[in-house]
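Reviewing the structure listed below.
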Number of protein chains: 2
Amino acid sequence: MGKKGIPEIVIERLPRYYRCFRALRGKREKISSHELAAEMHTSASQIRLDLSHFGGFGLQGYGYNVEELHTKLGQILGVDQAQYYVIVGAGRLGRAIANFPVFQEVGFSLAGIFDIDDSVIGQDIGGVRVSHADGLARFLGEHPVRIGIITTPAEAALGVAEIFRAAGVGGILNFAPVDIAPTRQLPVTNIHLTDRLLSLSWRIMHREQEQDVSRKDVCSLQNTTKE
Amino acid sequence: MGKKGIPEIVIERLPRYYRCFRALRGKREKISSHELAAEMHTSASQIRLDLSHFGGFGLQGYGYNVEELHTKLGQILGVDQAQYYVIVGAGRLGRAIANFPVFQEVGFSLAGIFDIDDSVIGQDIGGVRVSHADGLARFLGEHPVRIGIITTPAEAALGVAEIFRAAGVGGILNFAPVDIAPTRQLPVTNIHLTDRLLSLSWRIMHREQEQDVSRKDVCSLQNTTKE
DNA sequence: TAGATTGTTAATCGATTAACAATC
DNA sequence: TAGATTGTTAATCGATTAACAATC
């Protein structure tokens with residue numbers, strides 16, 4: 001099977017597999033779908049089907065080679081190539097993201113950070129000087145920016161998204177509490193932290209009917225696979 | 001239909017409806033499922049089925065009353081009651097979250113913030129003094145904390161989760177790049193920002209086969225509903 | 001009343017799980 | 001070779017969409 005028609009939901013799971021194989025490096029040479037399913041609290045079937053979308057990474061009677069899968073999944077996710085991103089909105093969340101060590105580890109470099117508040121312009125954040133947002137469009141025209149991250153207040157977010165779109169930025173990661181609509185040309189991931197807090201709040205109030213992990217060991221990391 | 005057996009996926013969508021009705025307040029008195037679907041880029045069927053899980057909020061021939069739905073959805077999500085949360089990990093991300101205005105707007109109050117770094121202990125973050133994490137278990141025993149937010153490095157996260165569990169905290173929102181397993185007693189939402197960045201990276205590299213929004217108007221917010 | 005729009009049931013679609021032949 | 005474990009197809013399960021009777 002080629003790279004066409006891979007369900008979106010499989011793509012969303014891919015980073016988790018990557019993370020798992022990354023953590024396994026050095027610890028073991030190989031792992032079977034069943035062992036991995038136990039680690040990840042999923043099913044072996046799902047792992048095999050998910051991975052098979054990208055080619056035959058496993059070996060019958062052996063399993064998956066940890067080193068190989070780590071490399072292959074990294075390539076699939078674009079971790080092997082340097083990628084540049086910019087942050088618009090140099091508030092607390094923007095600063096936090098600018099300093100995420102994992103982003104760097106994974107090959108993403110901060111190319112620029114922008115704001116409209118004169119009092120923060122010129123400050124050094126994550127090794128980069130904050131510039132005025134007026135210069136954003138121009139900056140994007142001169143630098144190869146793959147990802148635009150929005151950490152502005154809600155009001156500013158759509159305007160920034162439009163600048164990103166016009167400049168041909170590859171994709172948007174939006175943290176402003178507004179939904180930015182993706183298009184075929186411009187994938188967008190909207191991350192609404194408050195939404196996650198609220199759905200968690202609901203689940204807390206209704207925890208009785210939570211997933212029926214058998215109670216023998218409440219905080220265990222025991223897997224619930226049946227296969 | 002009662003509150004039993006509502007699919008998890010519906011719950012995850014609920015905050016989005018809430019956000020939408022919140023934004024509509026004052027602007028209009030009522031809205032039909034079709035109009036709302038256009039706003040939200042979903043289908044009217046899905047909206048009607050989702051909302052019907054919680055009771056008959058709509059009125060035939062009229063639609064949904066904005067004010068009423070805002071109130072009802074707020075109640076369902078627990079926004080009407082004061083809820084306390086603590087943050088463990090007073091780094092940049094922890095500070096950012098402590099200052100999220102939307103969390104407060106929605107009824108969540110920061111009860112405490114903890115770290116192990118002596119140089120940050122005693123600092124004021126979001127109106128709360130940073131305490132040493134050694135005092136976390138005791139603090140939880142003395143205060144009614146609904147949600148525990150983890151913004152520590154990966155290594156510390158499981159230990160903190162265990163303290164939360166032992167203290168009977170209602171639920172966990174985890175930002176550390178580790179999966180904390182939920183149990184029936186303790187719902188957990190793991191938010192892996194790097195995972196979202198990586199799946200976006202894949203989508204950028206494969207944007208050709210993105211969802212086929214018709215190209216007539218690339219950046220439009222035009223709805224794609226068919227019903 | 002006639003038109004609009006819900007709540008809900010039935011039909012469709014997609015995702016997960018189970019099963020097993022292929023093969024290391 | 002025999003045992004293990006994959007990749008893949010078929011069966012099941014769940015979620016979305018379509019249709020429509022109920023009713024404001």
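Note that the coordinates shown come from a computational prediction; the quantities given were computed from them, not determined experimentally. Numbered from 1 within each chain, the chains take letters A, B, ... in sequence-line order.
- For Leu36(B) and dG7(C), the CG to C1' distance is 16 Å, given to the nearest whole Å.
- If you check dT16(D), dA19(D), dT17(C) against the side chain of Leu49(B), the one that comes closest is dT16(D).
- OP1 or OP2 of dT16(D) has at least one side-chain nitrogen or oxygen of Arg13(B) nearer than 4.0 Å.
- Checked by atom type, the side-chain pair Arg196(B)/Thr189(A) shows no donor-acceptor distance below 3.5 Å.
- Closest approach to the Tyr64(A) side chain among dA15(D), dG7(D), dC24(D) is made by dG7(D) (side chain taken as heavy atoms from C-beta onward).
- Proximity of Ser33(B) to the phosphate of dT6(C): a side-chain N or O atom is located under 4.0 Å from OP1 or OP2.
- For Ser43(A), a side-chain nitrogen or oxygen approaches OP1 or OP2 of dT17(C) to under 4.0 Å.
- Proximity of Cys20(B) to Leu36(B): side-chain heavy atoms (C-beta onward) are separated by under 4.5 Å at one or more points.
- For the pair Ile6(A) CD1 and dT8(D) C1', the interatomic distance rounds to 16 Å; values are reported in whole Å.
- Phosphate contact (OP1/OP2 of dT16(C), side-chain N/O of Ser45(A), threshold under 4.0 Å): absent.
- To the nearest angstrom, P of dT8(D) lies 14 Å from CG of Leu59(A).
- For Gln46(B), the side-chain atoms get nearest to dT17(D) when compared with the rest of dT6(D), dA19(D), dT17(D).
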